[in-house]
Amino acid sequence: MDEQKQLDAFQKRIDNGETIEPKDRMPDRYRKQLIRMMSQHAHSEIVGMLPEGNWIQRAPSLKRKKVLLAKVQDEAGHGLYIYSAVETLGVTRREVVEDYMYGNAKYSSIFNYPTLTYADICVIGWLVDGAAIVNQTMLARSSYGPYARSMVRICKEESFHKKQGYEMLAKMASGTPEQKKMAQDAVNRWWWPTLMMFGPPDDQSPNSQELIRWGVKSKTNDELRQSFVDMTVMEAKAIGIEIPDPDLKYNHETGHWDFGEVPWDEFWEVIKGNGPMNRERIRARRKAYEEGAWVREAASEYARKKRLEEEKAS
Amino acid sequence: MTENGSKIKKNEWPLWEVFYQPKDGKPFEHAGSVHAPDAEMALQNARDTYARRNEGINIWVVPADKIVASTPEDRGPFFDPANDKIYRHPQFYSVPRASKKRK
Ligand SMILES: [Fe+2]
Ligand SMILES: [Fe+2]
């Protein structure tokens, strides 16, 4: 079969809503795009543990500490589900993880912001996990089977993440004036970076159309962003939190909430590596990776010796 | 890449495919995979990764390179249901009407 015919046959499978499995014939570009997108997603789950992990030892109560520990552990799991799915595309775990720690691979820009107070932990659960739910619910219908299945697993856990944050923020927002101020301040800082999580505007997102044509995604960045805003406005109102956007207004014609211009210059700066925490995040990841190397080696060596002993005994 | 690649292979823990039984009496399902140096740790990692919330009551871990799978090219002939062999279906047979009565 010539290349065009193969491409057409593949496109036909996608258009029929078929699921693509690891050993199936797939265009090189589809495989490459998936590796890029999925590993970026997996790195985000792992790096995303850092801003929250920052507060585990300073949680305001034992209850909140247990909740945060469980949530951060889930995020580690999310990273592992997706790495396991990426590996079905013929890359090793090691090359994939080293590609963001020492190479050019990216993770979500949102995790390059600092967590200054415990209110940030509330807001991350509500907004950041809330945005992740919007994105991941779509990806659970992705054309690549292993990716879609990892998303189904993840989505089951995300509602706990969002609810614990929202509940905690509601409590804080109905507390003392200082607590209220703290809650609002965190929302003010996280609102715009959260909207950036859906990626650049459609006219500046070269990958989007291709990913949609191949059924990896089914909605554009701007569509996802809009449904997130629509979902969040009333949630904010219900707990007396203000969204820091003077242009936010319900549009009776479209049935959607219109919102102001996202500060895209800031987004591109963070992507380039100049966000407040980019260097710190990579430093922390490298440190963990390098300082854990001897543990991985020791475990390998232990397994090798045990295997040898077993062979001798038999 | 090859030189670097071989070093990578050597140092990476082997890959294990994970299957779990969601409930008593149910068949095992594929969950995903984990890396682990040996079977014992593979089981432990599989439990921590894929069964934190009662997703399973039993787990299998299988070295990924030990799994033998059909290929997508097999889809046609390998799985041909042989629909022409109608004698494999109960509708092919007739039994006396009286035998179906309860009493
Ligand atoms: Fe997650
Ligand atoms: Fe989450």
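Chain letters run A, B, ... following the sequence lines, proteins first, then strands; residues in each count from 1.
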For the pair B/Arg53 and A/Asp74, evaluate side chain to side chain contact (heavy atoms under 4.5 Å, CB included) and give the outcome as yes or no after the intermediate values.
-> CA-CA 10 Å; B/Arg53 290 188 177 81; A/Asp74 279 350; 2.6 Å; yes
Using a cut-off of under 4.5 Å for heavy-atom pairs, which of B/Pro14, B/Ala36, B/Ala31, B/Ala64 has the most such pairs with chain A?
-> B/Ala31
Go through B/Ala69, B/Pro37, B/Ala39, B/Gly32 and name the one with the most non-hydrogen pairs under 4.5 angstrom from chain A.
-> B/Pro37
Passing candidate, side chain to side chain contact (heavy atoms under 4.5 Å, CB included) with A/Leu80, options B/Thr49, B/Val34, B/Asp48 |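 Of all the options given, the one that passes is B/Thr49.
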B/Asp38: which of A/Lys306, A/Arg307, A/Arg304 passes side chain to side chain contact (heavy atoms under 4.5 Å, CB included) |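 In the set A/Lys306, A/Arg307, A/Arg304, the residue that makes a side chain to side chain contact (heavy atoms under 4.5 Å, CB included) with B/Asp38 is A/Lys306.
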Taken to the nearest 0.5 Å, the spacing of A/Arg25 CZ from B/Thr71 OG1 works out to 10.5 Å
What distance separates B/Tyr50 OH from A/Arg153 CZ, expressed to the nearest 0.5 Å?
-> 7.0 Å
Heavy-atom neighbours of B/Glu40 CD exceed 12 at 6.0 Å = no
What do you reckon, is CZ of B/Phe78 surrounded by more than 12 foreign heavy atoms closer than 6.0 Å?
-> no
Among the listed options A/Arg296, A/Arg149, A/His78, the residue most often paired with chain B at heavy-atom distances under 4.5 Å |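 Of the options given, most contacts go to A/Arg296.
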With chain B, which of A/Ala303, A/Ala76, A/Gly77 has the greatest number of heavy-atom pairs at distances under 4.5 Å?
-> A/Ala303
In residues 82-89 of chain A, which residues are in contact with chain B at a heavy-atom separation under 4.5 Å?
-> A/Ser84, A/Glu87
Using a strict cut-off of less than 4.0 Å between a Lys/Arg side-chain nitrogen and an Asp/Glu carboxylate oxygen, indicate whether A/Glu157 and B/Arg52 qualify as a salt bridge.
-> yes
Check whether any side-chain N or O of B/Glu12 sits under 3.5 Å from a backbone N or O of A/Arg94 as a donor-acceptor pair, and report yes or no.
-> yes
